[in-house]
Protein chains: 2
Amino acid sequence: MLERHELEAFLTLAEELHFGRTAERLHVSTARVSQTVAKLERRVGALLFNRTSRRVELSLVGRQLYEEIRPAWSQITAAFERAVDSGRGLTGVLRVAFNGPAAGQLLVGVTQLFRDRHPDCDVQIREANPSDVLPWLRAGEVDLALACHPVREEDVVMGPVLVREARMLAVPAGHSFARRATLSVGDLERVTVLQHPETSCAPTAMTVNELLTLVGAGEGVGVVGAHTRRYFARPDLAYVPFENAEPVEWGLLWRSDGATARVRAFGDAALEVAQG
Amino acid sequence: MLERHELEAFLTLAEELHFGRTAERLHVSTARVSQTVAKLERRVGALLFNRTSRRVELSLVGRQLYEEIRPAWSQITAAFERAVDSGRGLTGVLRVAFNGPAAGQLLVGVTQLFRDRHPDCDVQIREANPSDVLPWLRAGEVDLALACHPVREEDVVMGPVLVREARMLAVPAGHSFARRATLSVGDLERVTVLQHPETSCAPTAMTVNELLTLVGAGEGVGVVGAHTRRYFARPDLAYVPFENAEPVEWGLLWRSDGATARVRAFGDAALEVAQG
DNA sequence: ATGTCTTACGGAAGACGTAATAATA
DNA sequence: TATTATTACGTCTTCCGTAAGACAT
């Protein structure tokens, strides 16, 4: 008595706190989520969520239940995944997200190696905007993402660093910094730094192109990785390296409860390609 | 993807290793168990059980899966039970097994107190043969059992001792021991001791009456608790106390993953009745 | 030959989506 | 008024038991 679909509806709603998004993640209608949760609450005998048509939040019993069953259910799904993997070897689909042409190019090589080794496992690559990466991972829309480290989230694991590149500043072509050979981090205090999703949690630009356009328009400057200079050379911009900044590091991300054999095997392939 | 009914069919079959008993525990037909497991195996891509129509045993992947999933699922069901308890207070049914008239009499008092405190929770009492106690607990047919301590099983928990009584020996009326005021444990070496389910794992008598009948027929002697003398006084038997034996101890037993609020509340009531 | 697992098939339960409704900010 | 949760209802999947079959001892 506590069906899988009820469990997942409850867990997902507890995370999303929104019937629409929950339904989307579960690929069902919002009506179904509502009815499923309502039925569960009737059986428990108490509201699991306090909600109006505008806000959803966990009740006390709901929170307690969530905390107790979330890790256990992750364990079960992971164990099942492992059983499938050892049952049929590496099969199924592995969905990988990336952001930016440099990451894409790296993934091409990794994917070739992976497909070579595991021909029965399908690999699907999707480009993501930086702000999509974590939501996609959390929703299970992708199993892996190649993104900028560091991501400090409890439910997401970072793999080893695959690429390290110099941190550079994108400035308008006419800016005084454009004539400098190098910059120091201290120089940033004298200019407006536009936030960029790869390096910040509160972005003003959702994509690299948006950021660079803003910089070109003189709205400010932007911190980017060295690859940007190669892939996004523009007449209205100049890129100047820092002399004392930490490098930008790229690596794979996956959900901490999503470390399936597929994910681990892809991580192995990625590390080999990056090192070789 | 791993429905509750599949999970329970798998876990139960892994414990019973028998489709018929599994079906019985799950209250479904054996055909259903067979189809459910078969479907699960198709999805995993490997046999979970090696079986003929005569023998069922866990495969390697099956064993791995069982060990990883068993504790997690227990956690989930227990958490759900707790949610229901805190949601509607103590409701539902509590099924308690006991063995022997003395235990039954104690349970009458405990049940009265429990019903007084938790009028919304139904209590069902069933008498069990000593050999039924553990199977019934494991199958979830009862939530609690009042039985002889000690039971040393990993999946069964013993509550505190509720009753302590002298250990006595049942002997034929004409036996030389029948004229003794007391016996020592050493005396047992000179006679045939019939095993009794309450005190042994390899019984020759399934019930107390069977044991006493055998003793009366001169087949041997039997070790029993003092209450037996009161409830099973027979002309063909004599009961003689030991002077140096450990007392017989009675207490409640429940499944280690079945410590619901109902079970705990009944345990509390039992302890109060036994002490008061 | 008997007990046990599996296959075949018809019926019922309930999970699902669409569309209309209620409620909140 | 717009957004979001809930209710109503018809469809369809699939879970289920019965009964017959296959298999091993």
Side-chain angles (χ1 to χ4, degrees), chain A residues 1-59 61-63 66 73 77 80 87 135 139-140, chain B residues 1-59 61-63 65-66 73 77 80 135 139-140:
Chain A
M1 314 295 150
L2 204 183
E3 304 301 324
R4 190 230 54 192
H5 71 271
E6 295 175 320
L7 216 128
E8 300 215 308
F10 167 69
L11 288 175
T12 309
L13 184 59
E15 283 156 17
E16 294 290 348
L17 297 177
H18 186 283
F19 283 75
R21 287 196 298 273
T22 300
E24 206 174 342
R25 267 179 64 171
L26 263 25
H27 303 112
V28 296
S29 67
T30 64
R32 190 101 302 275
V33 177
S34 175
Q35 289 180 341
T36 303
V37 171
K39 187 174 176 183
L40 194 52
E41 287 175 323
R42 275 201 305 280
R43 289 227 303 288
V44 170
L47 254 38
L48 264 12
F49 299 90
N50 300 320
R51 53 194 184 278
T52 68
S53 65
R54 292 306 270 196
R55 198 210 337 279
V56 179
E57 59 184 24
L58 274 167
S59 72
V61 265
R63 175 176 308 280
Y66 175 76
W73 184 245
T77 53
F80 181 66
Chain B
M1 314 296 144
L2 205 185
E3 304 302 323
R4 190 228 68 204
H5 71 273
E6 295 175 320
L7 206 99
E8 300 215 309
F10 167 69
L11 288 175
T12 309
L13 184 59
E15 283 156 17
E16 294 291 347
L17 297 177
H18 187 284
F19 283 75
R21 287 196 297 273
T22 301
E24 205 174 342
R25 266 180 64 172
L26 262 24
H27 304 112
V28 296
S29 66
T30 65
R32 191 101 302 274
V33 176
S34 175
Q35 290 181 341
T36 302
V37 171
K39 186 174 177 184
L40 194 52
E41 287 175 323
R42 278 200 304 279
R43 290 226 302 286
V44 170
L47 254 39
L48 264 12
F49 299 90
N50 300 320
R51 55 191 183 278
T52 69
S53 65
R54 287 311 262 198
R55 195 202 351 274
V56 179
E57 59 186 23
L58 274 167
S59 72
V61 266
R63 176 176 309 280
L65 187 63
Y66 175 76
W73 184 245
T77 53
F80 182 66

Please confirm whether the backbone N or O of B:Ala9 pairs with a side-chain atom of B:Thr36, one donor and one acceptor, at under 3.5 Å?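 Here the side-chain-to-backbone pair does not exist.
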Does A:Glu41 reach the main-chain N or O of A:Leu48 with its side chain, forming a donor-acceptor pair under 3.5 Å? yes
How many Å lie between [atom1] on [X] and [atom2] on [N], as a whole number?
| X | N | atom1 | atom2 | result |
| --- | --- | --- | --- | --- |
| A:Glu8 | C:dC16 | CD | P | 11 Å |
| A:Arg4 | D:dT13 | CZ | C1' | 14 Å |
| B:Glu41 | C:dT6 | CD | C1' | 12 Å |

Shortest non-hydrogen separation from [X] to [Y] and the atoms involved:
| X | Y | value |
| --- | --- | --- |
| A:Ala14 | A:Tyr66 | CB-CD1, 3.5 Å |
| A:Leu58 | A:Leu17 | N-CD2, 4.1 Å |
| A:Thr22 | A:Val33 | CG2-CG1, 3.9 Å |
| A:Gly87 | B:Ala46 | CA-CB, 3.6 Å |

Say you draw a straight line from OG1 of B:Thr12 to CD of B:Glu24; how long is it, rounded to the nearest 0.5 Å?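 Nearest 0.5 Å value for the OG1-CD distance: 12.0 Å.
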Each nucleotide N or O in nucleotides 12-15 of chain C that has a protein N or O under 3.5 Å away: list the pair and distance.
unit_1	atom_1	unit_2	atom_2	d
C:dA15	OP2	A:Lys39	NZ	2.9

Any residue of residues 50-58 of chain A with a heavy atom less than 4.0 Å from an atom of DNA chain D: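 Contacts with DNA chain D under 4.0 Å: A:Arg51, A:Thr52, A:Ser53, A:Arg54, A:Val56.
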Considering only heavy atoms, which members of residues 12-29 of chain B lie under 4.0 Å from some atom of DNA chain C? B:His18, B:Phe19, B:Gly20
Take A:Arg32 and A:His5 through the test side chain to side chain contact (heavy atoms under 4.5 Å, CB included) and record every step on the way to the result. CA-CA 10 Å; A:Arg32 190 101 302 275; A:His5 71 271; 5.7 Å; no
Want to settle it: does B:Ser34 or A:Ala31 sit nearer the 5' end of DNA chain C, counting the closest nucleotide to each? B:Ser34
Check the pair B:Val44 / B:Val61 against side chain to side chain contact (heavy atoms under 4.5 Å, CB included), numbers first and verdict last. CA-CA 9 Å; B:Val44 170; B:Val61 266; 5.5 Å; no
Angle between the two end axes of the helix from C:dA1-D:dT25 to C:dA25-D:dT1, five base pairs per end, rounded to 10 degrees? 40°
Go through the steps to decide whether A:Phe19 and A:Leu13 satisfy the test side chain to side chain contact (heavy atoms under 4.5 Å, CB included), and finish with yes or no. CA-CA 7 Å; A:Phe19 283 75; A:Leu13 184 59; 3.7 Å; yes
For B:Arg4, give me all partners under side-chain contact (heavy atoms from CB on, under 4.5 Å), at least two apart in sequence or on another chain. A:Glu3, B:Glu8, B:Trp73
Identify, with sequence neighbours excluded, every residue that meets side chain to side chain donor-acceptor pair (under 3.5 Å) alongside A:Arg43. A:Glu6
Please evaluate residues A:Thr77 and B:Leu2 with respect to the criterion side chain to side chain contact (heavy atoms under 4.5 Å, CB included), reporting the C-alpha separation (whole Å), side-chain torsions for both, the decisive distance (0.1 Å), and the verdict. CA-CA 8 Å; A:Thr77 53; B:Leu2 205 185; over 6 Å; no
